[in-house]
Every structure is written in C-alpha cells, then in structure tokens.
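Below is one structure, written out as structure tokens; comments come after it.
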Amino acid sequence: MSHSAALPNHLAVIMDGNGRWAKQRQRPRTLGHRAGARAVRTIVEYCLKRGIPALTLFAFSSENWNRPEDEVGALMRLFLRVLESEVEELTRQQVHLRFIGDRSRFPEGIRARMGAAEAIRLPSPKLTLTLAAGYGGRADLAQAARRLAERVQAGTLRPDQIDEATLGEAMSLADLPPPDLFIRTGGEHRISNFLLWQLAYTELWFTDVLWPDLDDALLDTAIADFAGRERRFGLISEQLPTPALEAR
Ligand code: IPE
Ligand code: IPE
Ligand code: MG
C-alpha cells in the first residue's frame, strides 16, 4: 500500500442512516443504532490501518435531543455501554478519545466517563478520535464569540484583534488541522449543523450506503475519490505546487 500524500489527515463523518437500516429489516430504530456502534469500530480500525491520524464522528446533534423520548433514552444507554466497553481497547490501540459539544444535558454517568476517557494521557496517540455529542455548529460559533467577548470584557483582547485566527482558536477542534475529507452516509446531501466553520475548505463526499453497512471497500472508494481531487483554495491550477512524484 503506497502511503499517498493524498491521504486525509483529518476525516470528519456524519454517521447517518441507522434508523432506515433497521426499518429495512422491520426492526426498531434502536437496533440500527446498535449496528451503527459496530460501524464505528470499523472506521476506527480503518484509520489505524491506513495511518489517518484524526477522525471526528458526528454521534448526536444538538437537534437530536428533540427526537422521541424513548429513542433519546435508548441512545443514552447505548453511549454509556459503548463508553464502558470500548475505552480500554481504544487506549490499548493508542487512540485518544475526546468529545465536542454541549455535554450538560447528558446524564451524569456518561459525563463522568467522557471526562475519564479524555483524561487518559497517551504519549504518542496513533489516532485522535473526537466524538461530536450534543454538538451543533451554530452553538460552536456562538460559544467562540462568547469566549472572545469575555476576553474583551476582561481587557485581555481588543475588538480589532478579533479575526479569523482568534475566532478559529476559540472553536472546537482548534488544535487539529481542519478536516480534509467529509463523508456523509445515508443519502442526505446536507451538513445538518455539523462543523460549519471547520468545513470551509473540506472536500465533501456523500454516499447512499447506510451507516451500519459501512465497510473498508466503501472507505477505500471515498479516499480514492478524495485523492483524485484538486484542492485549489481559491487559486488557479497553475499556482498550485507541482505534486511530488508518486512513490513507486
Ligand atoms: C444517525 O442515524 C444516528 C443519529 C442521528 C443518532 P439516524 O437515526 O438519523 O438514521 P435515519 O436517518 O433515521 O435513517
Ligand atoms: C445528523 O443526522 C446527526 C448525526 C448523524 C448525529 P440527522 O439524521 O439528525 O440529520 P437530519 O435530521 O437528516 O438533517
Ligand atoms: Mg438521520
């Protein structure tokens, strides 16, 4: 396997289609979420195998709180179970797990386990796995604005110092390069309030495949598509650096 320069450094994924996967089988939506949790294992293993160092997964949006109470309850029980059963193995695999989003509405048992997982220090993690839980892109922008306003009020920042750099530093994931590749399964062509700021120049890739049906071949297809794209960032082709000769 040639280690192409066109491998994404940061992959961001909307894991969508669990409910429809279950419906296809005339099973409750909850069963789809359980199958979805297994697909998380698949993509984590894939990133470790391919050497993709950062993976951000949209697990639960700020809007998902408005789903029927029994579905939200089932999702909470599933989160708790996954946290209980997976953190040890992730740590063994040198995966650093962390969370973005407003966790204040999550049950205390989940919040405690989120905090405990994040506190595990790995000297050189192979993968930074960020779960977006209770996350909304607009709320992320609002909290960044609030943070900067507080600094202005405290006298440590002047309004004229508020620019893309200072705002960007106050956003979630500021310590990572922005996502290179965005994948959404489940057939919908939208962002659904995921990373609004961070996706500004991310390559977008959509598939009808439902999240629980994710496999390595599908991820290979997405990565190959990404590798063939020209990222111009507003420039014209002639201005871009000549790609290095492919390793043979
Ligand atoms: C994504 O699958 C998982 C969450 C939002 C928690 P869905 O539950 O949205 O599945 P569909 O879109 O209804 O099929
Ligand atoms: C986006 O999926 C959120 C997650 C996958 C966690 P949704 O299923 O909630 O998005 P919409 O409602 O189709 O836009
Ligand atoms: Mg959905």
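Start at 1 with the first residue, then count along the sequence. Each ligand, and each atom within it, is numbered from 1 in the order the structure gives.
- Remark: among candidates E63, R67, M15, R190, the nearest residue to atom 7 (P) of ligand 2 is R67, based on non-hydrogen atoms.
- Annotation: atom 14 (O) of ligand 2 to nearest protein heavy atom, S192 OG, 2.6 Å.
- Protein heavy atom nearest atom 10 (O) of ligand 1, with residue, atom name and distance: G19 N, 2.9 Å.
- Grouping Ile, Leu, Val, Met, Phe, Trp and Tyr residues whose side-chain heavy atoms lie under 4.5 Å apart, directly or via other members, places L199 in a hydrophobic cluster with I14, F58, I100, Y135, L141, L148, V152, L157, I162, L167, M171, L173, L176, F182, I191, F194, L195, L196, W197, L204, F206.
- Considering backbone and side-chain atoms alike, R29 places an N or O below 3.5 Å from some N or O of ligand 1.
- Protein atoms that are N, O or S and lie under 2.8 Å from the Mg ion (ligand 3) are these: D16 OD1.
- Under a 4.0 angstrom heavy-atom cut-off, G186 registers as lying outside contact with ligand 1.
- Residue S61 has no N or O atom closer than 3.5 Å to an N or O atom of ligand 2.
- A donor atom on one side chain and an acceptor atom on the other are not found under 3.5 Å apart for W211 and N18.
- Rounding to the nearest 0.5 Å places OG1 of T202 at 7.0 Å from CG of D180.
- With a 6.0 Å radius and a threshold of 12 heavy atoms from other residues, nucleotides or ligands, Q153 has its CD atom at or below the threshold.
- Per-residue contacts place I14 under 4.0 angstrom from the following atoms of ligand 2 (heavy atoms of the residue considered): 1 (C), 5 (C).
- The backbone N or O of T166 lies less than 3.5 Å from a partner atom in the side chain of D163, making a donor-acceptor pair.
- Every atom of ligand 2 with a heavy atom of F60 under 4.0 Å away is listed here by number and element: 6 (C).
- Heavy-atom distances between A59 and ligand 1 reach below 4.0 Å in at least one pair.
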_Worked check of salt bridge (charged side-chain N to carboxylate O under 4.0 Å, His left out) between E86 and R81_ = CA-CA 8 Å; E86 294 295 320; R81 249 191 297 135; over 6 Å; no
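- Rounding to the nearest 0.5 Å places CZ of R34 at 9.5 Å from CH2 of W21.
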*asked:* Using salt bridge (charged side-chain N to carboxylate O under 4.0 Å, His left out), reason through R20 and E188 one step at a time and then give a plain yes or no.
replied: CA-CA 12 Å; R20 281 162 287 164; E188 311 293 356; 3.7 Å; yes
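- The number of heavy-atom neighbours closer than 6.0 Å to CD of E69, taken from other residues, nucleotides and ligands shown, is 12 or below.
- The residue among L210, T30, D16 with a heavy atom at the shortest distance from atom 9 (O) of ligand 1 is D16.
- If you number the atoms of ligand 1 from 1 as listed, the ones under 4.0 Å from a heavy atom of R20 come out as 11 (P), 12 (O), 14 (O).
- Every heavy atom of E188 sits 4.0 Å or more from the atoms of ligand 1.
- Side chains of S61 and N193: a donor-acceptor N/O pair is absent below 3.5 angstrom, by distance only.
- The main-chain N or O of T207 is never found under 3.5 Å from a side-chain atom of T185 such that the two would form a donor-acceptor pair.
- Ring pair W65/F106 is perpendicular by interplanar angle, where above 60° counts as perpendicular and below 30° as parallel.
- For the residue pair E71 / T30, no side-chain donor-acceptor distance below 3.5 Å is found, with atom types taken as modelled.
- The closest protein non-hydrogen atom to atom 2 (O) of ligand 2 is R184 NH2, 3.7 Å.
- Distance remark: protein heavy atom not present below 4.0 angstrom from atom 12 (O) of ligand 2.
- At least one N or O atom of N64, backbone or side chain, sits closer than 3.5 Å to an N or O atom of ligand 2.
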